[in-house]
Amino acid sequence: MEEALRKAKAIAVRTDEMLFDLSRLKEFGDEARLEPVTFTLKEGRDIYRHSASHIMAHAVKTLFPEARLAIGPATEEGFYYDFDLDRPLTLEDLGMIEKKMAEIVGEDRPFRRRVLAKTEAIDLFRKAGQDYKVELLGEITDESVSLYEEGDFVDLCRGPHVPSTGAIRAFKLLSIAGAYWRGDEKNRMLQRIYGTAFDKEKELKEYLVFLEEVKKRDHRRLGKELDLFSISDDIGPGLILWHPNGATIRKAIEDFWRDEHTKADYKILFSPHIAKLNLWKKSGHWDFYRENMYSPMEIEGLEYELKPMNCPFHIQIYKSGLRSYRDLPLRYAELGTVYRYERSGVLHGLLRVRGFTQDDAHIFCREDQIEDEVLRVLDFTLFILKTFGFDKYDVYLSTRPEKFVGTPESWERSTGALKCALELKGLAYSVDPGEGVFYGPKIDIKVKDSLGRAWQCSTIQVDFNNPERFDLGFRGSDGKEHRPIMIHRALMGSLERFFGILVEHYAGVFPLWLAPVQVALLTIAERQTEYALKVREKLKAEGVRTEANLDNEKIGHKIREATIRKVPYLGIIGDKEVLEGNVSVRRQNGENLGSMTEEDLLRLLKEEIKHRG
RNA sequence: GCCCAUGUAGCUCAGUCGGCAGAGCACAUCCUUGGUAAGGAUGAGGUCACCGGUUCGAUUCCGGUCAUGGGCUCCA
């Protein structure tokens with residue numbers, strides 16, 4: 001058995017979904033069914049990295065004997081440990097700690113499991129001055145607890161662990177950050193060290209390369225390099241300035257969005273940015289969403305609010321006339337700009353801002369239409385996302401939160417409708433208990449980008465509450481008044497955020513239909529200027545975003561410059577091309593398409609733009 | 001908001017242990033008219049984030065503010 005496990009490179013074993021240390025094999029009889037848990041399994045990685053975090057804590061304790069330890073779990077991509085120290089850690093400290101860890105790994109100390117009574121453990125940690133451990137122990141209900149020891153380092157831990165410290169082959173400490181004890185800002189701020197560990201040096205290297213790639217694709221960096229957007233100190237944090245290049249891409253996205261919504265029988269709306277405070281009181285936002293809203297402004301003695309959401313406006317439009325059951329479903333869509341207060345520490349480039357434009361829509365329908373409408377929205381969403389090259393998703397169903405409006409029964413019903421639609425569509429999803437918005441349950445879709453990272457974009461929310469609050473009605477076939485229900489939905493979420501994600505997803509190399517400049521014409525010498533301008537005018541007249549670089553520079557310089565700006569197509573024009581009436585075409589990736597007429601080029605471009613390639 | 005770090009030319013970054021600041025790229029002018037990722041020369045460009053303190057003197061030291069970054073919490 002042990003032999004087999006060694007061969008399988010087991011880190012621990014599993015039986016009936018319980019994980020055990022390899023050292024506990026003798027507790028099982030020969031007939032026990034034990035599965036090896038290896039690094040390739042999530043459970044195995046977690047055990048491995050959790051062990052690495054113990055070793056890190058050991059190293060920190062050695063270097064800083066006064067350190068008080070909090071918690072140190074494995075994460076998706078690595079591990080961390082929180083410490084309470086006398087002085088702030090520096091980057092140099094990380095190197096020192098790493099070195100110490102390498103020593104501990106080199107000593108190959110076995111991880112030893114020890115079980116003792118909770119009271120004994122409390123005693124032990126209290127004597128050691130480990131208050132955080134004592135606090136944790138106080139909340140454990142079991143009579144006995146397990147400790148893990150390697151060398152002279154002991155930690156409270158459920159386990160399991162790798163057999164010995166030598167098992168950790170490749171690790172790296174990555175960053176230092178502040179973190180509240182138990183994530184609560186009322187508690188003391190601790191120092192967190194993040195690190196990662198792999199069972200092969202090669203995998204660690206690959207991960208570090210991945211981190212480099214993430215850095216290179218950072219939309220804030222590319223936003224500057226490609227002159228897409230900026231944030232100005234003079235204007236304010238979290239407020240986005242769209243530069244011409246970024247605005248061109250945004251317009252292409254918006255045009256696409258409007259066209260598709262019109263085709264899908266949505267009506268496009270516009271609404272103002274402020275409304276009377278009273279409206280927000282009526283909608284419930286003032287009670288349930290105030291912490292994200294700005295302070296009211298006074299206009300002629302009345303209070304007005306900057307809008308954090310678009311729904312009340314769409315509701316007013318619904319209410320502006322009598323509605324019949326024949327009108328439903330009524331789908332109102334708007335690229336609506338909203339403003340939400342975000343604490344300064346959470347702002348992040350385009351991904352977390354204070355003013356943003358939602359690709360919002362509200363569908364007013366009868367209760368029996370919900371499922372059908374949600375299905376339609378799901379289809380529509382997946383189509384839109386696919387257009388941007390997103391074809392992998394994580395889907396979540398969020399249920400009733402603590403702060404909510406409406407009755408538990410209406411929540412039941414709407415959650416059921418969402419569930420049904422997801423199941424009919426055959427989408428795998430997980431349930432996020434308590435994560436719904438205050439007015440209703442929701443489906444969230446997270447897209448996976450080209451690096452496999454998940455981003456929350458789309459959200460579909462059922463609302464039984466606002467129709468009630470605003471006393472919405474429609475005349476039914478029975479001649480009586482009925483209450484419609486509302487579905488709120490955003491597909492891209494916010495244009496700012498979605499754009500930021502796109503920049504990273506495409507690494508700044510936008511597909512032709514989105515590229516700010518689609519073709520750059522590069523002349524070899526000044527005598528081709530006139531011809532180049534003529535070609536430019538023709539392409540522009542056909543709607544192709546074309547630029548001509550007539551600078552007094554060598555062709556190599558111009559190619560380099562346009563390639564760095566990630567222009568998808570370059571048209572090189574020298575004497576030969578002028579003579580033949582051609583353009584020599586080259587793609588951003590260096591692929592040479594050879595010489596062709598301007599009509600052929602146009603055909604090629606238009607085809608690619610049409611397919612949104 | 002909180003902890004830590006950072007803020008020097010349009011961009012990327014040097015630098016000053018306190019004595020009015022420098023490179024590369026970009027920009028401008030000139031030379032060069034060159035065929036698939038950087039031709040050459042010259043020049044212009046900075047309230048060293050902002051406010052205050054210490055000092056004969058502060059970009060440098062100290063304090064505060066603002067902003068950015070890594071996180072915590074929250075979310076589109």
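No hydrogens, no waters, no symmetry mates; every other heavy atom, side chains included, goes into these values. Residue numbering restarts at 1 for every chain, and letters A, B, ... go by the order of the sequence lines.
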Task: From A:Trp280, A:Tyr341, A:Tyr339, residue fulfilling side chain to side chain contact (heavy atoms under 4.5 Å, CB included) relative to A:Pro308 - done: A:Trp280
[atom1]-based separation of [M] from [N] [nearest Å]:
N: B:rU55; M: B:rA41; atom1: C1'; result: 45 Å
N: B:rG39; M: B:rA44; atom1: P; result: 24 Å
N: B:rU29; M: B:rC13; atom1: P; result: 29 Å
N: B:rC17; M: B:rC74; atom1: P; result: 47 Å
N: B:rC31; M: B:rU47; atom1: P; result: 33 Å
N: B:rG46; M: B:rA14; atom1: C1'; result: 15 Å
N: B:rC50; M: B:rC66; atom1: P; result: 16 Å
N: B:rG7; M: B:rC62; atom1: P; result: 13 Å

What does [X] touch in the nucleic acid at a heavy-atom separation under 4.0 angstrom: a base, only the sugar-phosphate, or nothing?
X: A:Glu496; answer: nothing
X: A:Asp184; answer: nothing
X: A:Glu577; answer: base
X: A:Gly345; answer: base
X: A:Gly556; answer: sugar-phosphate
X: A:Gln456; answer: sugar-phosphate
X: A:Ile572; answer: base
X: A:Val338; answer: nothing
X: A:Ser584; answer: base
X: A:Lys576; answer: base
X: A:Lys442; answer: sugar-phosphate
X: A:Arg343; answer: base
X: A:Ala177; answer: base
X: A:Phe498; answer: nothing

Task: Pair A:Asn245, A:Thr248: side-chain N/O donor-acceptor within cut-off below 3.5 Å - done: no
Open item on the list: Testing the 3.5 Å rule here: is there a donor-acceptor pair between the side chains of A:Arg489 and A:Thr381?
Closed with: no
Between [N] ([atom2]) and [X] ([atom1]): distance, integer Å:
X: A:Ile559; N: B:rA37; atom1: CD1; atom2: P; value: 5 Å
X: A:Leu211; N: B:rG70; atom1: CG; atom2: C1'; value: 13 Å
X: A:Arg352; N: B:rU68; atom1: CZ; atom2: P; value: 14 Å
X: A:Asp233; N: B:rU65; atom1: CG; atom2: P; value: 16 Å
X: A:Leu174; N: B:rG71; atom1: CG; atom2: P; value: 10 Å
X: A:Phe356; N: B:rC74; atom1: CZ; atom2: P; value: 17 Å
X: A:Asp551; N: B:rG39; atom1: CG; atom2: C1'; value: 14 Å
X: A:Ile240; N: B:rA76; atom1: CD1; atom2: P; value: 17 Å

Taking only side-chain N and O atoms of [X], does any of them lie within less than 4.0 angstrom of OP1 or OP2 on [N]?
X: A:Ser344; N: B:rG1; value: yes
X: A:His348; N: B:rG70; value: yes
X: A:Tyr194; N: B:rC72; value: yes
X: A:His557; N: B:rG39; value: yes
X: A:Arg220; N: B:rG69; value: yes
X: A:Arg560; N: B:rA26; value: no
X: A:Arg586; N: B:rA37; value: yes

Is there a Watson-Crick or G-U wobble partner for [N] with both distances under 3.5 Å, and if so, which one is it?
N: B:rA67; answer: B:rU6
N: B:rU33; answer: none
N: B:rA26; answer: none
N: B:rU16; answer: none
N: B:rC48; answer: none
N: B:rA58; answer: none
N: B:rC74; answer: none

TODO: Please figure out whether A:Gly238 or A:Ser494 has its closest RNA chain B nucleotide nearer the 5' end.
DONE: A:Gly238
Task: Pairwise 5' ranking along RNA chain B for A:Met189 and A:Ile573, keeping only the more 5' one - done: A:Met189
Task: Distance flag, aromatic centroids of A:Phe390 and A:His505, threshold under 6.0 Å - done: yes
- [ ] For residues A:Phe499 and A:Trp242, establish whether the separation of their ring centroids is below 6.0 Å.
- [x] yes
Counting distance alone, no hydrogens or angles: does the base of [N] have a donor or acceptor under 3.5 Å from a partner atom on the side chain of [X]?
X: A:Arg497; N: B:rA76; value: no
X: A:Tyr341; N: B:rG1; value: no
X: A:Glu342; N: B:rA76; value: yes

- [ ] State, yes or no, whether a side-chain contact exists between A:Leu491 and A:Leu385 at a heavy-atom distance under 4.5 Å.
- [x] no
TODO: For residues A:Lys307 and A:Phe313, determine if any side-chain heavy atom of one lies less than 4.5 Å from a side-chain heavy atom of the other.
DONE: yes
- [ ] Tell me which nucleotide among B:rC75, B:rG34, B:rG70 gets nearest to the side chain of A:Ala525.
- [x] B:rG34
Open item on the list: Of the listed nucleotides (B:rA76, B:rC4, B:rG34), which one gets closest to any side-chain atom of A:Lys554?
Closed with: B:rG34
Open item on the list: Any side-chain to backbone donor/acceptor pair from A:Arg545 onto A:Ala515? Under 3.5 Å, distance only.
Closed with: yes
Task: N-O pairing of A:Glu212 and A:Lys216 below 4.0 Å - done: no
Open item on the list: Please determine whether ring-ring contact (aromatic ring centres under 6.0 Å, His included) holds for the pair A:Phe83 and A:Tyr81, giving the CA-CA distance in whole Å, both sets of side-chain angles, and the decisive distance to 0.1 Å.
Closed with: CA-CA 7 Å; A:Phe83 304 97; A:Tyr81 212 115; 5.1 Å; yes
